[in-house]
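Structure record follows, encoded as structure tokens.
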Amino acid sequence: MVKTVLEIDGMACGMCEAHINDAIRQNFCVKKVTSSRKKGETVILSENALEEERLRDLIAKTGYTLQKISSAPCVEKAR
């Protein structure tokens, strides 16, 4: 499992968060994606690392500004 954190500038409301989340779900195979306008970030959990260039292009097309991408392995919590 890989946790990818995107620092995104320009999200102002819940619809902005949903717009980012929907775009990511439609273009990448992800387990979970959540965005926070207050934190200015989107957190993505996926089985494999995501292509950074594709992420940059996708966020640019949505009209928001991607400041930074960081990825790290993570362990999925047992339920």
Side-chain angles (χ1 to χ4, degrees):
M1 190 73 61
V2 178
K3 179 179 179 180
T4 304
V5 179
L6 310 178
E7 289 183 20
I8 299 175
D9 203 23
M11 291 189 288
C13 64
M15 288 304 295
C16 295
E17 295 168 344
H19 188 208
I20 294 284
N21 293 346
D22 290 344
I24 290 170
R25 284 187 193 106
Q26 291 171 5
N27 289 276
F28 293 93
C29 183
V30 298
K31 288 274 203 182
K32 183 177 180 182
V33 58
T34 55
S35 294
S36 170
R37 65 184 177 273
K38 290 180 184 176
K39 293 181 182 178
E41 71 179 18
T42 297
V43 178
I44 306 165
L45 294 178
S46 57
E47 289 291 332
N48 301 303
L50 303 177
E51 294 177 49
E52 288 191 20
E53 194 60 36
R54 278 186 60 207
L55 278 170
R56 289 185 189 286
D57 290 344
L58 177 65
I59 300 303
K61 287 177 184 174
T62 62
Y64 302 96
T65 304
L66 179 57
Q67 303 288 348
K68 182 179 172 185
I69 299 175
S70 57
S71 296
C74 76
V75 177
E76 192 172 16
K77 295 178 182 177
R79 294 180 184 194

For residues 58-69, dump all side-chain donor-acceptor pairs below 3.5 Å to protein atoms at least two apart in sequence or in another chain.
{"from": "T62", "atom 1": "OG1", "to": "I59", "atom 2": "O", "distance (Å)": "2.6"}

Next on the checklist: Rounded at 0.5 Å granularity, tell me how far CD1 in I44 sits from CG in L50.
Outcome noted: 5.5 Å
Checklist outcome for this item: Here the salt bridge (charged side-chain N to carboxylate O under 4.0 Å, His left out) pairs for residues 11-28, sequence neighbours left out, are E17-R37, D22-R25
Checklist outcome for this item: So CG of L45 and NZ of K32: to nearest 0.5 Å the spacing works out to 6.5 Å
Item to check | Sequence neighbours excluded - salt bridge (charged side-chain N to carboxylate O under 4.0 Å, His left out) pairs with any residue from residues 2-14 | outcome: none
Checklist entry - For C29, which residues count as a side chain to side chain contact (heavy atoms under 4.5 Å, CB included) partner, sequence neighbours excluded? => result none
Checklist outcome for this item: Across all chains, not counting sequence neighbours, the salt bridge (charged side-chain N to carboxylate O under 4.0 Å, His left out) partners of R56 are none
Checklist entry - Measuring from S35:OG to H19:NE2, what's the distance to the nearest 0.5 Å? => result 11.0 Å
Checklist entry - Once you round to the nearest 0.5 Å, how far does CZ of R54 lie from CG of D57? => result 9.5 Å
Checklist entry - Which residues pass the ring pair (Phe, Tyr, Trp, His ring centres under 6.0 Å) test with F28, sequence neighbours left out? => result none
Checklist entry - Do V30 and V5 belong together in a cluster built from hydrophobic side chains that touch within less than 4.5 Å? => result no
Checklist entry - How long is the span from the OG1 atom in T42 to the NZ atom in K39, to the nearest 0.5 Å? => result 11.5 Å
Checklist entry - About how many Å separate OG1 of T4 and CD of E41, when rounded to the nearest 0.5 Å? => result 12.0 Å
